[in-house]
Every structure is written in structure tokens, then in C-alpha cells.
Amino acid sequence: TLEINRPVGVTNTTSVVIATALNILSGTYQGSGSVTLNSGATITRADGAVTKTITATSYNLVYTSTAAIFTGSELIVSPATALNNLTINSSNTVTLNASLTSVTINGSLILSAGQFSSNSKAIILRGNVISNATGGFTGSLVTFGGTTAISGVVPLVLDDVQLSSGSTINLGSSTVNFTGDIDTDNGGTWLAGTSTVNFAGSTTIVINETNTPRFNHLNIESSSTLIITCSSCGSDGNRPTIEVAGDWNSNNTSAVFTPAPDIASNVVTKVTFAGTTQSISTLPPHSFWDLTLAGSGTVTLFQALSVANDIELSGTKTLSTGSNLAINIGDDFLFSGGALTANQSTITFNGTSNHDIDRLSGSGAVSFYNITVNKAGGAFTVATDINLASTFTISSATSVDFDGPSGTDLLTLISTSTQTASIAPIVSPADPTLVTGNITAQRYMDGEGKIFRYISTPVLNPQAQDLQGEIPVTGSF
């Protein structure tokens with residue numbers, strides 16, 4: 001162990017080999033003689049400085065300064081494999097030297113006390129990040145190039161981030177704030193843990209068709225922007241995806257969310273909710289492109305939901321509209337399992353292409369409260385069994401098929417002791433001649449024994465035999 005603790009400094013012109021530790025407490029360690037660290041040695045720099053050339057194959061570096069300092073030659077950047085663990089345990093700020101281009105940390109970055117400033121230098125992290133103090137990475141591209149787990153009680157603030165091929169990052173139980181872009185197009189694995197991610201600037205997440213970044217709780221903060229886009233994407237049928245296991249909150253002042261298309265191939269992205277107890281809260285302008293609710297548990301709406309393309313429920317996932325919040329859908333509402341708790345909400349189909357309500361797998365009727373068709377183009381088809389509790393409204397000149405390709409009664413208007421569902425009057429601009437298909441219309445009757453009932457139908461040209469097909473009726477007509 002070599003310790004430098006002289007305010008006037010130490011000049012050394014001979015070569016020195018240090019087996020275990022170099023402690024620079026005060027003064028400047030200088031001179032022409034080289035310093036060689038044995039593998040696994042540690043440099044601890046307090047308020048002293050180093051101007052000598054130091055070589056190492058693998059070493060650890062600890063800062064314990066009380067004054068604000070810039071890094072010196074104690075920070076070895078060549079070879080890039082030299083620096084193992086970097087620890088900031090100071091009571092002031094440690095700033096990367098302006099002469100540096102990039103720093104590679106092969107072990108852990110340990111922020112214990114004080115503050116670390118990257119000074120806009122590129123950083124490659126190949127180990128863990130323990131964030132119990134402030135780390136400033138403004139203007140820096142941080143590349144995760146190994147296996148990284150993030151932990152600690154102080155939120156980690158990152159600007160631009162890149163994930164290298166074959167690498168893994170696990171956000172753990174931490175809070176991470178992103179102010180720049182996230183590029184996962186090279187591959188790698190992005191795991192959510194139980195973390196909270198805050199997007200607190202202008203962020204574009206670049207993904208591809210095979211790489212799915214995973215988040216737990218996701219927040220878009222006030223006046224911040226999140227764009228999801230895709231690089232080198234192919235066919236429309238294979239949506240590049242991000243996955244959310246916790247809550248989604250973009251219901252903040254002037255927050256912007258855009259599921260942006262890839263300009264070259266016009267492929268847009270999908271967000272999959274794959275946790276258990278989850279919620280979605282968005283500002284009214286925000287719209288998902290494709291939205292899939294998968295797995296088990298319940299996703300509850302805290303604001304009205306807008307989906308520009310398809311929404312799909314799968315597994316045993318339930319979508320609850322919360323306090324009767326509306327859902328706007330630009331294309332299909334699909335069920336691969338899953339369930340809908342519609343409460344007293346209105347679900348509006350408002351796109352320009354052909355729309356379906358369809359079940360891809362599983363069985364059983366899906367229960368809706370209100371359905372509105374208000375489309376600028378395309379047709380609307382009920383392609384699976386649905387129950388309607390209140391009103392079906394057609395507000396546009398749209399072709400509506402109530403019994404789908406099977407030609408069987410798929411829409412049932414439910415009648416109970418308190419409410420009977422109906423189809424609202426079809427008036428201009430809607431066109432009744434464009435509405436086809438059979439429905440089942442229920443009419444609730446109390447069990448009062450043998451009494452006379454007046455029975456009528458709100459359709460043209462009914463036959464008495466139609467009643468006999470549904471209700472036991474004796475006598476002749």
C-alpha cells in the first residue's frame with residue numbers, strides 16, 4: 001500500500017509497483033516514474049491529485065473528496081477493460097475531466113455519497129449501478145454493454161441510453177428518470193423489475209420486431225414527450241412492442257405520447273399490458289396504436305381510453321372501464337380469452353376501415369353497456385356473441401352487420417327488471433338500409449302467473465309464428 005498525504009505533494013522519478021492500494025489523501029503525486037497496479041488493486045483519491053502515468057489491467061477506483069474535483073490520471077481509460085468498480089463516496093462533486101472522450105466501467109458504478117457528473121462524456125456500463133447518491137449524466141450517451149442491475153434509493157437520472165447486443169439491463173426496484181432517447185434496436189434484454197420509470201424530457205424509444213423492452217410503472221411527466229418508434233421493421237402483422245407490467249400514467253399537464261410509425265415501412269407499435277393489477281391514465285389526446293391486455297388480473301381505466309387501431313384482450317385479463325369511462329377504438333375489438341367489465345360506459349368505433357367485434361379464442365358472450373358506431377368509412381360487423389345492456393347507436397352512414405359471417409343472431413339486447421336495451425332511432429346521416437342481420441331482443445316479464453300481456457315488435461312485418469318460435473303459445477292464429 002502506498003499513501004500520499006503531504007500538502008506539498010510527492011515527486012517520484014522511479015517506477016513503482018503497487019500490490020494492494022494507492023491512497024491519495026492530500027498533495028499531488030507527480031514525477032516521471034511510472035506506477036503499475038497489480039490486478040485487483042484499489043486507488044482511493046480524497047483531496048489529493050495524481051499527474052503520474054498509472055497502468056493497470058484491472059483495478060477499483062474510489063473517490064472520497066471533500067472538495068469538488070475533476071478526475072485525473074487515477075482514472076485509467078486505456079485499456080478500456082482496466083477500470084472495474086467506480087465508487088463515489090465524497091461530500092462534494094466528482095466531475096469527469098474535460099480531456100476524456102469516454103469511460104468504460106467494467107464492474108459496478110457505486111454512487112454512495114456526494115455527486116457524480118459525467119460532464120457530457122460517453123459512458124459504457126458493463127456491471128451494476130447502485131444509486132444512493134446523485135448521478136448527473138446530462139449530455140452523455142450511456143451504453144449498457146454487459147449485465148446490469150439497477151438498485152438504490154436515489155432516482156437515477158439518465159439522458160441518452162443505448163443497449164448493446166447480448167446485454168441485459170434490469171431496472172430492479174429503483175426509480176429511473178429518462179430525459180433523452182432509448183435505443184434498443186441493437187438487441188439485448190430490457191427488464192422492468194418492480195421499478196418506476198419517469199420520462200422527464202423528450203424521449204424516443206427505438207425498438208425492433210424481436211426486442212421487447214419491459215417497464216413496470218411508466219409515467220410521462222408534465223411537458224414531457226414519449227415517442228415509440230421502430231427501426232428496420234418489416235411486415236404490418238408483426239408489431240414491434242413494449243410491455244408494461246404496472247401502471248401507465250400520462251395524465252400530466254402538456255404531456256405528449258405518440259406511438260409513431262416507422263417512416264420507411266409505415267409500421268407502428270404495440271403496447272402490451274402484462275401485469276396483474278394495473279391502471280391506465282392518459283390525457284384525452286393520447287392514443288395507443290395497438291393495445292393488448294394479456295395475462296391475468298385487471299386493468300382499470302382512470303381516464304377515457306383511445307386506441308387508434310386494435311384492442312385485444314387475452315388470457316384471463318379483465319378490462320374495467322372504472323367510473324364509466326369511454327373507450328374509442330379505431331379498428332377491431334378482439335377477444336382471445338379476456339373479459340370486459342363495461343359498467344355504464346360507451347364504446348365508440350370511429351375509424352375509417354372495416355371494424356369487427358370478434359372472438360379469436362375462448363367462448364361466451366361479451367357484455368357491453370353502450371356501443372356507438374360513428375365512422376368516416378368502412379363497415380362494422382358483430383362477429384361474435386355480445387350482450388348489450390343499454391343502447392346501440394349508429395351515427396354515421398355505415399354498413400352495420402349484426403350477425404356477421406355466420407348469419408346467426410349474435411347481438412342480444414338484454415332486458416332486466418330495471419332496464420331494457422335498444423337500438424337507437426337510425427336517423428340521418430345514418431342510413432337504415434345499410435343495417436342488416438338478425439338480433440335477439442329480450443323483454444323482461446315478472447313472474448305473475450297467468451295474466452294477459454300485450455306483445456308488440458318494433459320491426460316491420462313480423463309473423464305470429466316468430467313468437468311461437470321463442471315463447472310457448474297455444475291456440476290458433
Side-chain angles (χ1 to χ4, degrees), residues 37 39-43 45 54-63 70-88 93-112 115-131 133-152 155-172 174 176-191 193 195 197 203-208 211 213 231:
L37 301 178
S39 180
T42 298
I43 296 178
R45 180 181 168 188
I54 302 176
T55 59
T57 57
S58 179
Y59 81 110
N60 302 307
L61 177 58
V62 180
Y63 288 97
F70 285 87
T71 61
S73 58
E74 77 283 348
L75 178 56
I76 303 169
V77 296
S78 181
T81 55
L83 178 59
N84 187 37
N85 296 327
L86 173 61
T87 300
I88 309 298
T93 301
V94 177
T95 303
L96 294 183
N97 199 289
S99 63
L100 297 173
T101 301
S102 65
V103 174
T104 300
I105 304 171
N106 297 281
S108 296
L109 172 59
I110 305 169
L111 305 175
S112 297
Q115 184 170 337
F116 172 71
S117 172
S118 67
N119 199 14
S120 300
K121 307 303 176 183
I123 295 177
I124 299 173
L125 292 173
R126 295 196 170 121
N128 297 329
V129 179
I130 303 171
S131 181
T134 302
F137 296 89
T138 301
S140 291
L141 172 62
V142 176
T143 300
F144 292 95
T147 300
T148 299
I150 297 177
S151 62
L156 185 64
V157 181
L158 298 173
D159 201 355
D160 291 337
V161 167
Q162 179 175 277
L163 193 60
S164 296
S165 177
S167 60
T168 299
I169 179 172
N170 190 329
L171 301 181
S174 60
V176 184
N177 300 330
F178 291 98
T179 59
D181 296 335
I182 299 174
D183 186 354
T184 67
D185 187 46
N186 293 325
T189 302
W190 187 288
L191 301 176
S195 63
V197 169
T203 298
T204 296
I205 302 177
V206 182
I207 60 180
N208 60 40
N211 187 37
S231 176

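In what follows, every heavy atom counts, from backbone to side chain, and hydrogens, waters and symmetry copies are set aside.
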query: Going through the checks in order, is the side chain to side chain contact (heavy atoms under 4.5 Å, CB included) test met by L191 and L171?
result: CA-CA 6 Å; L191 301 176; L171 301 181; over 6 Å; no
- prompt: Does the side chain to side chain contact (heavy atoms under 4.5 Å, CB included) test come out yes or no for S174 and L156, once each step is laid out?
  reply: CA-CA 8 Å; S174 60; L156 185 64; over 6 Å; no
message: Between R126 and I105, does the side chain to side chain contact (heavy atoms under 4.5 Å, CB included) criterion hold? Intermediate values first, please.
response: CA-CA 6 Å; R126 295 196 170 121; I105 304 171; over 6 Å; no
- request: Determine, stepwise, if the pair V157 / F137 fulfils side chain to side chain contact (heavy atoms under 4.5 Å, CB included).
  value: CA-CA 7 Å; V157 181; F137 296 89; 5.8 Å; no
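Going from atom CD1 of I130 over to atom OG of S151 covers 5.0 Å, rounded to the nearest 0.5 Å. Atom CG of L86 and atom OG of S108 lie 10.0 Å apart (nearest 0.5 Å). I124 CD1 to S102 OG: the interatomic distance, rounded to the nearest 0.5 Å, is 5.5 Å. Rounding to the nearest 0.5 Å places CG of L37 at 10.0 Å from OG of S58. Note: S131 OG to L111 CG = 5.5 Å, rounded to the nearest 0.5 Å. To the nearest 0.5 Å, atoms OG1 (T184) and CD (Q162) are separated by 10.0 Å.
Using a 4.5 Å heavy-atom threshold, the side chains of L61 and T87 count as separate. Side-chain contact between V62 and R45 is absent, with no heavy atoms from C-beta onward closer than 4.5 Å. Residues D181 and V161 form no side-chain contact, since every pair of their non-hydrogen atoms from C-beta on lies 4.5 Å or further apart. The side-chain heavy atoms of I207 and P213, taken from C-beta on, include a pair separated by under 4.5 Å. Looking at heavy atoms from C-beta onward, S118 lies in side-chain contact with I123 at the 4.5 angstrom threshold. Counting heavy atoms from C-beta on, the side chains of Y59 and I76 come closer than 4.5 Å. You'll find the side chain of I169 reaches within 4.5 Å of the side chain of I150, heavy atoms only.
The backbone N or O of S117 sits nowhere less than 3.5 Å from a side-chain atom of T95 that would complete a donor-acceptor pair. Between the K121 side chain and the A98 main chain, a donor and an acceptor come within less than 3.5 Å of each other. Panel note: side chain D159, backbone G139; a donor-acceptor pair is recorded below 3.5 Å. Between the side chain of D160 and the backbone N or O of G180 there is no donor-acceptor pair closer than 3.5 Å. A distance-only check finds no donor-acceptor pair linking the side chain of T134 to the backbone of Q115 [under 3.5 Å].
Of all the heavy atoms in S167 and G145, the pair that sits closest is CB-C, 3.8 Å. The two residues N186 and L163 have their closest heavy-atom pair at CB-O, 3.5 Å. Nearest heavy-atom pair across T71 and L100 is OG1-CD1, 3.9 Å.
Between F116 and Y63, the distance from one ring center to the other does not fall under 6.0 angstrom.
A side-chain donor from one of N97 and S99 sits under 3.5 Å from a side-chain acceptor of the other. Neither side chain, N84 nor N106, offers a donor N or O lying under 3.5 Å from an acceptor on the other. In this model, no donor atom of one side chain and acceptor atom of the other lie less than 3.5 Å apart for N128 and T148.
Ring geometry for W190 versus F144: interplanar angle over 60°, hence perpendicular rather than tilted (30 to 60°).
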